[in-house]
Amino acid sequence: MTMTEVLPSDPIGRRIICDGEYATVHYVGMVPPTPGIWLGVEWDNPSRGKHDGSHEGTRYFPCSHPTGGSFIRPKKANFGVNFLTAVKKRYGLSDDWNETLVIGKKTVELVGFESVQEEQSQLDMLFDISVRECTVSHAGQKGEIHSSCPNISTLNVSKNLLSSWDYVADIVSQLEKLKTLDLSENKISLPSNPSSLATSFEKLTVLSLNRTGVTWNEVLHCAVMWPALEELHLASNNITSLERPVNCLQSLTLLDIANNHIIDGNQLHAIADLPRLKQLILSCNRISILNFTVQHGGCTNSFASLNSLSVDGNNISQWSFINELNKLRNLQSFNCQNNPFMDSDKNPETIRQLIIAKIARLKVLNKTEILPQERKGAELDYRKMFGNEWLKSGGNQNADLNKPSLEFLLEHPRYSELIEKYGAPDDAEFRQQQPFALKNQLLNSMTVQKVKGLLYRLLKVPGSELRLSYESSKMEGKEIELENDLKTLQFYSMENGDSVLVRW
């Protein structure tokens, strides 16, 4: 085999796989004193390499990691296959027939060899195709994809050997019905003239570029290629900052930038004017703050269409972040699990109620629907819970004398609205939580449910509205929820002198 049979005509910049490891070719040529042609490659996994692209004092290619580079012989490099070859192999349609046929994830025995071969070879019947990890690197012969499988509408070519947008465009331009494209885990170099490729992607509405190493500025550079894009997935790309899209991405309805390195929530202002953005996924970043500059009680013009926001797994520790979300005009669904404020010493149910009370238009919280009855209960409890703070800050049941401090209103921006909705709290609602000393003889048999019965007779508050906890004299400052009505007080290890805390 000659060297030209091993190497493609344009090896520099091409992606390869060697012994199961992915790399990019940066050099082709001699490396004295050894004879023969070498490929200088940079591995995706730097621990696989040996140097930084230098050998015996001579630098042959640049390398982003000091041990990310190696020299390998061309015969060890797999430069991949064309798209149609991968499709035929993946779906059991190659010329080398075995005794089984793979369709999707199922393996089917061949019965009636010729008839099955004829039926499955009808590539034009394929609509949703996945050739993930099939070493696809290029389109192949011009026009053969269009003539063989023109009806593909959804295509997964993730974790392959596609190295340039020109190669991607060569494939996509032949798929006139393609709407959804997954290019995740490909390392694709930037196009020099992205607008020249726009016609290839003009019907594309969903694009995934997860784990591609792309930056936000590189996305903006390429975005002119995707004039009709509605969903863009950019998870796990080490994105640290955002810039305002200008004359691009204006059709986006969903943006997924989960598992990146965005720290300042105010970076989000850069994408706040996307007119059609309905769903924003920011999970597993490092966001802790967010501010919208509007008058007290007003709504922001930012994120005018946004109705779904996910911030699971960030660094949100202050309730001020939640207060800011009430300024969004259309926010209806919110996910916020695994944040510091969710892991506070408050009961998870209490935290849920606080979030519901703080965000007026919310209908779904952490994937659970908020029913009207739950919202009413949350808002009434919120009004009652912070009633004493309201009074101390200058609040008054007399509307003419009601002048709560600015500090209180900033901390509880919906409190005035809740008073307008339900009226000011009455004197009975300002009762402090009452401790109850317990005798030893009660501990053996009294259940939480029975305690609630006693409290009903004492306080005239239905047991369903009572929430009980206790503080142990042996564990100062620690509050333990009495959450199971059927368990006895002894079950919770309560002792004489412990205090039950009652909230309603």
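FYI, the numbering just counts along the sequence from 1. FYI, side chains are in, hydrogens and waters are out, and symmetry mates aren't considered; it's all heavy atoms of this structure.
Each salt bridge (Lys or Arg N to Asp or Glu O under 4.0 Å) pair with one or both residues in residues 304-324, not counting sequence neighbours, appears once here: Glu324-Lys327.
Atom CZ of Arg132 is surrounded by more than 12 heavy atoms from other residues, nucleotides or ligands within 6.0 Å. Atom CZ of Arg329 has more than 12 heavy atoms from other residues, nucleotides or ligands within 6.0 Å. Residue Gln318 places its CD atom among 12 or fewer non-hydrogen atoms of other residues, nucleotides or ligands, all under 6.0 Å distant. Heavy atoms of other residues, nucleotides or ligands lying less than 6.0 angstrom from CZ of Arg361 number more than 12. With a 6.0 Å radius and a threshold of 12 heavy atoms from other residues, nucleotides or ligands, Asn247 has its CG atom at or below the threshold.
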Margin query: side chain to side chain contact (heavy atoms under 4.5 Å, CB included) for His261 and Arg286? Distances and angles first, verdict last.
Written below: CA-CA 6 Å; His261 292 163; Arg286 302 175 183 177; 3.7 Å; yes
Margin query: Go through it in stages, so that I can follow the logic: the residues are Glu42 and Ser64, the test is side chain to side chain donor-acceptor pair (under 3.5 Å), and I'd like the CA-CA distance, side-chain angles, deciding distance and then a yes or no.
Written below: CA-CA 8 Å; Glu42 181 173 6; Ser64 59; 2.5 Å; yes
Next item on the list: Mind running side chain to side chain contact (heavy atoms under 4.5 Å, CB included) on Ile16 and Leu161 for me, showing each step along the way?
Entry: CA-CA 6 Å; Ile16 65 162; Leu161 300 178; 5.6 Å; no
Check: Are Asn156 and Ile129 close enough, and set up right, to give a side chain to side chain contact (heavy atoms under 4.5 Å, CB included), and what steps lead you there?
Finding: CA-CA 6 Å; Asn156 182 347; Ile129 280 185; over 6 Å; no
Next item on the list: May I have the step-by-step check of salt bridge (charged side-chain N to carboxylate O under 4.0 Å, His left out) for Arg467 and Asp381, ending in yes or no?
Entry: CA-CA 11 Å; Arg467 293 198 296 273; Asp381 281 352; 3.3 Å; yes
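Side-chain polar atoms of His26 and Thr24 form no donor-acceptor pair below 3.5 angstrom. Of the N and O atoms on the side chains of Glu231 and Thr205, not one donor lies less than 3.5 Å from an acceptor on the other residue. Under 3.5 Å, the side chains of Asn259 and Ser236 contain a donor-acceptor pair of N or O atoms. Asp128 and Thr154 share no donor-acceptor pair across their side chains, judged by distance under 3.5 Å alone. Counting only N and O atoms by type, the side chains of Asn217 and Thr215 include no donor and acceptor under 3.5 Å apart. For Tyr382 and Lys358, the side-chain atoms include at least one donor-acceptor pair closer than 3.5 Å.
Formation of a donor-acceptor pair under 3.5 Å by the Asn160 side chain with backbone atoms of Val131 is found in this model. Looking only at distances, a side-chain donor or acceptor of Asn45 sits under 3.5 Å from a matching main-chain atom of Ser47. No donor-acceptor pair closer than 3.5 Å links the side chain of Gln174 to the backbone N or O of Pro150. Side-chain N or O atoms of Asn402 include none that pairs as donor or acceptor with a backbone N or O of Asp400 at under 3.5 Å. Of the possible donor and acceptor atoms, none in the side chain of Asn237 sits under 3.5 Å from a partner among the backbone N and O of Asn210. The closest donor-acceptor contact from the side chain of Asn396 to the backbone of Lys403 lies at 3.5 Å or more, if one exists at all. Side-chain atoms of Asn82 come within 3.5 Å of backbone atoms of Leu84 as a donor-acceptor pair (strictly under, hydrogens ignored). Remark: side-chain polar atoms of Asp264 are paired, donor with acceptor, to backbone N or O of Asn266 under 3.5 angstrom. Between the Ser189 side chain and the Ser163 main chain, a donor and an acceptor come within less than 3.5 Å of each other. For Asn307 (side chain) and Leu331 (main-chain N/O), no donor-acceptor pair under 3.5 Å exists by modelled atom type.
Nearest heavy-atom pair, Phe303 versus Leu268, reported as atom, atom and distance to 0.1 Å: CZ-O, 3.4 Å. Scanning both residues, Val41 and Phe61, for their nearest heavy atoms gives O-CZ, 3.5 Å. Closest approach of Ala378 to Ala357, counting heavy atoms only: O-CB, 3.8 Å. When every heavy atom of Cys63 is checked against every heavy atom of Gly68, the shortest pair comes out as SG-C, 3.6 Å. Shortest non-hydrogen contact noted between Asp170 and Ala139 is CB-CB, 3.7 Å. Looking at every heavy atom in both residues, Ser288 comes nearest to Asn315 through CB-O, 3.4 Å.
Here the NZ-CD1 distance, from Lys159 to Ile17, works out to 8.0 Å after rounding to the nearest 0.5 Å. The distance from the OG atom of Ser310 to the CG atom of Asn285 is 11.5 Å, given to the nearest 0.5 Å. Rounding to the nearest 0.5 angstrom, the gap separating the CG atom in Leu181 from the OG atom in Ser208 is 8.0 Å. If you take OG on Ser393 and CD on Glu407, they are separated by 8.5 Å, rounding to the nearest 0.5 Å. We find the NE2-CZ distance between His412 and Arg383 to be 14.5 Å, quoted to the nearest 0.5 Å. Here SG of Cys299 is found 7.0 Å from CG of Asn326. Values are rounded to the nearest 0.5 Å.
With contacts defined as side-chain heavy-atom distances shorter than 4.5 Å, the pair Val246/Arg244 qualifies. Using a 4.5 Å heavy-atom threshold, the side chains of Ser305 and Leu277 count as separate. Under the 4.5 Å side-chain criterion, counting only non-hydrogen atoms from C-beta, Leu252 is not in contact with Glu230. Within the 4.5 Å cutoff, the side chain of Phe341 has heavy atoms near those of the Ile355 side chain. The closest side-chain heavy-atom distance from Leu254 to Val206 is not below 4.5 Å. For the pair Ser469/Leu501, a side-chain contact is recorded, criterion being any heavy-atom separation below 4.5 Å from C-beta on. Taking the side chain as every heavy atom from C-beta outward, Asn260 and Trp216 never approach each other to under 4.5 Å. Contact of the Pro194 side chain with the His221 side chain is registered, since non-hydrogen atoms from C-beta on lie closer than 4.5 Å.
With ring centers used as reference points, Trp43 lies 6.0 Å or more from Tyr22. Ring centroids of Phe292 and His269 are separated by less than 6.0 Å, placing the two rings close together. Ring centers of Tyr415 and Phe408: under 6.0 Å apart, within the cut-off.
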Which donor-acceptor pairs under 3.5 Å do side chains of residues 366-375 form with protein atoms, sequence neighbours excluded?
residue, atom, partner, partner atom, Å
Asn366, OD1, Cys336, N, 2.7
Glu374, OE1, Arg352, NH2, 3.3
Glu374, OE2, Arg352, NE, 2.7
Glu374, OE2, Gln353, NE2, 3.2
Arg375, NH1, Ile356, O, 2.9
Arg375, NH1, Glu379, OE2, 3.0
Arg375, NH2, Ile356, O, 3.3
Arg375, NH2, Ile359, O, 2.9
Arg375, NH2, Leu362, O, 3.0

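For Asp44, the salt bridge (charged side-chain N to carboxylate O under 4.0 Å, His left out) test picks out Arg15, Lys187, with sequence neighbours left out.
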